[in-house]
Amino acid sequence: MRLTRYFLPVLKENPAEAQIVSHRYMLRAGMIKQQAAGIYSWLPLGLRVLRRIEAIVHEEQERAGHILMPTLQPADLWRESGRYDDYGQEMLRIKDRQEREMLYGPTNEEMITDIFRAHVTSYKDLPLTLYHIQWKFRDEMRPRFGVMRGREFLMKDGYNFDVDRDAALHAYNRHMVSYLRTYERMGLTAIPMRAASGPIGGDNTHEFLVLAQTGESEVFYDDRVTALKLGQREIDYDDRAQVAEVCREFTTLYARTDETHDQAVFDQVPEAHRKVGRGIEVGQIFYFGTKYSESMGAEVTTAEGHKVPVEMGSHGIGVSRLLGAIIEASHDDKGIIWPEGVTPFPVGIVNLKQGDAAADAACEGLYKALAAKGLEALYDDRDERAGAKFATMDLIGLPWRITVGPRGLANGVVELTSRRTGVSEEVSPEAAVARIAAIYAGVR
RNA sequence: CGGAGCGUAGCGCAGUCUGGUAGCGCACCUGCUUCGGGAGCAGGGGGUCGGAGGUUCGAAUCCUCUCGCUCCGACCA
């Protein structure tokens, strides 16, 4: 993408309404535009990152069935589970022209149960997991922090259906592991913490927290959990013992939110590892058994011929919120530093002397060579001074930058710079392309 | 929803107390010079002051109502 043809309305000054760093940078980097309290338009750069995060979520859902449920739901479905009255003012209630009561979905347990009961009646069709990524609306009393606490937000929510409790708990564990992988691919350390279930219900639930000063939850943890990594290990999601072992590894050390914190247990953590901090919640998994299947009549026939309410769980990832969480976890005083997994463009090309025949040709060559490797660079071809181009690149946070100028070209080299470390090296254009391709070979 | 504050040019702000017909920086446009970390000089365009009503010879400024946004608190992916 050539910057002269790209809609990237960057701001030099901080918008007054933005209080935290991720919100400020998202506005300054031209990623989002607020339309009402907690409701945002996604501009090209922001949308690209949102789509990258979605892509990773999709890829990690592997065999789960991808569906799409509507944003608007009939109120009657929620009357069946009893949540129409329980959910309160946070639920946006609407009437259509026929005076039918509708709501803008804050979550989809009722609807997925309705889909399930219409089509599944036998244990032979289990286990089943269905998920979608859809906009949700929760009419927060106080939206804030940009996309971290918006009213409209994009969420991946999945639902598993199993024949018995053991199978459902395996589904729970499977999702815990897949979520760990998902966050790691985004360059995040998200710690599973024992949590409270809230309006979803159920007795087994973990939240995934990214540690950050600006987090909304107070967290208590043994800091050795932050060193745990899934890495490249092979995992067979059908292997109950292996999946359970990974979960045990990640949930044994103390890690809880204030809702479930137990000071007596926490005191047993060695003092050197005992940490209190704040975290951003980026996902949650639930096992809630037959809460919805019983109230809504979602039953399956077992091998023995009995009808039983299906065992269920649900799992969510705050897709739009993750943009904010990633920025909170990865930035400096110049701007954002995107992890390779979610960056809007893999690399930026800065032409220091637009209009110089050699510089222009070298940039075009790099741009095409990268494209040939499937890497779309953001080429700053504006007639701007070097400082302005560097400032823009630093702000929008592309992890790699290739700087092209007459001075280097005279020696046959361009500069390859890491946004994260600031380290530059002078290499031939061909070598720069090869390096970038190698870096992203393991990422996309 | 309770408490506090703010709406003046695309963005950041001054002017409001002490009414007299709107200003600064950035951005934008033109020209010249500059050109490896948000350039300099000169010239220029743009707002009727969130909205409605009222007081007054006269309202961004005073009064009433209203809409929106932000911050603190209670709730949440």
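Sequence lines set the chain letters: A, B, ... in the order given, protein chains first and strands last, and positions in each chain run from 1.
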When rounded to the nearest Å, what value does the distance between [atom1] atoms of [N] and [M] take?
{"N": "B:C17", "M": "B:C29", "atom1": "P", "answer": "38 Å"}
{"N": "B:C49", "M": "B:A59", "atom1": "C1'", "answer": "11 Å"}
{"N": "B:G12", "M": "B:G53", "atom1": "C1'", "answer": "32 Å"}
{"N": "B:G7", "M": "B:A60", "atom1": "C1'", "answer": "12 Å"}
{"N": "B:G45", "M": "B:U30", "atom1": "C1'", "answer": "11 Å"}
{"N": "B:G47", "M": "B:A4", "atom1": "P", "answer": "37 Å"}
{"N": "B:C76", "M": "B:C11", "atom1": "P", "answer": "35 Å"}

### Task
Would you mind classifying the nucleic acid contact of A:Asn14 as base, sugar-phosphate or nothing, using non-hydrogen atoms under 4.0 angstrom?
sugar-phosphate
### Query
NA contact type, A:Glu140, heavy-atom cut-off 4.0 Å: base, sugar-phosphate, or nothing?
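Contact class for A:Glu140: base.
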From [options], nucleotide with atom closest to [X] side chain:
{"X": "A:Gln19", "options": "B:C76, B:C69, B:C71", "result": "B:C71"}
{"X": "A:Leu352", "options": "B:C75, B:G36, B:G12", "result": "B:G36"}
{"X": "A:Glu13", "options": "B:A74, B:A27, B:G12", "result": "B:G12"}

### Query
Can you check whether A:Lys353 has a side-chain N or O nearer than 4.0 Å to OP1 or OP2 of B:C35?
no
### Query
Would you say A:Gln34 reaches B:U70's phosphate, i.e. side-chain N/O to OP1/OP2 under 4.0 Å?
yes
### Message
Please enumerate all residues that pass side chain to side chain donor-acceptor pair (under 3.5 Å) together with A:Gln89, with sequence neighbours excluded.
### Response
none
### Query
For the side chain of A:Arg385 and the base of B:U34, is some donor closer than 3.5 Å to an acceptor across the two?
yes
### Task
Mark yes or no for a side-chain to base donor-acceptor pair under 3.5 Å between A:Arg144 and B:C76, with no hydrogen or angle criteria applied.
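Such a pair does not exist between side chain and base.
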### Query
What is the distance, rounded to the nearest whole Å, between atom CG of A:Leu209 and atom P of B:C76?
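Taking CG of A:Leu209 and P of B:C76, I get 15 Å after rounding.
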### Task
Output the residues of residues 387-409 of chain A in contact with RNA chain B, where contact means a heavy atom of the residue under 4.0 Å from an atom of the strand; sort by number or write none.
A:Gly387, A:Ala388, A:Phe390, A:Ala391, A:Thr392, A:Asp394, A:Arg401, A:Gly405, A:Arg407, A:Gly408
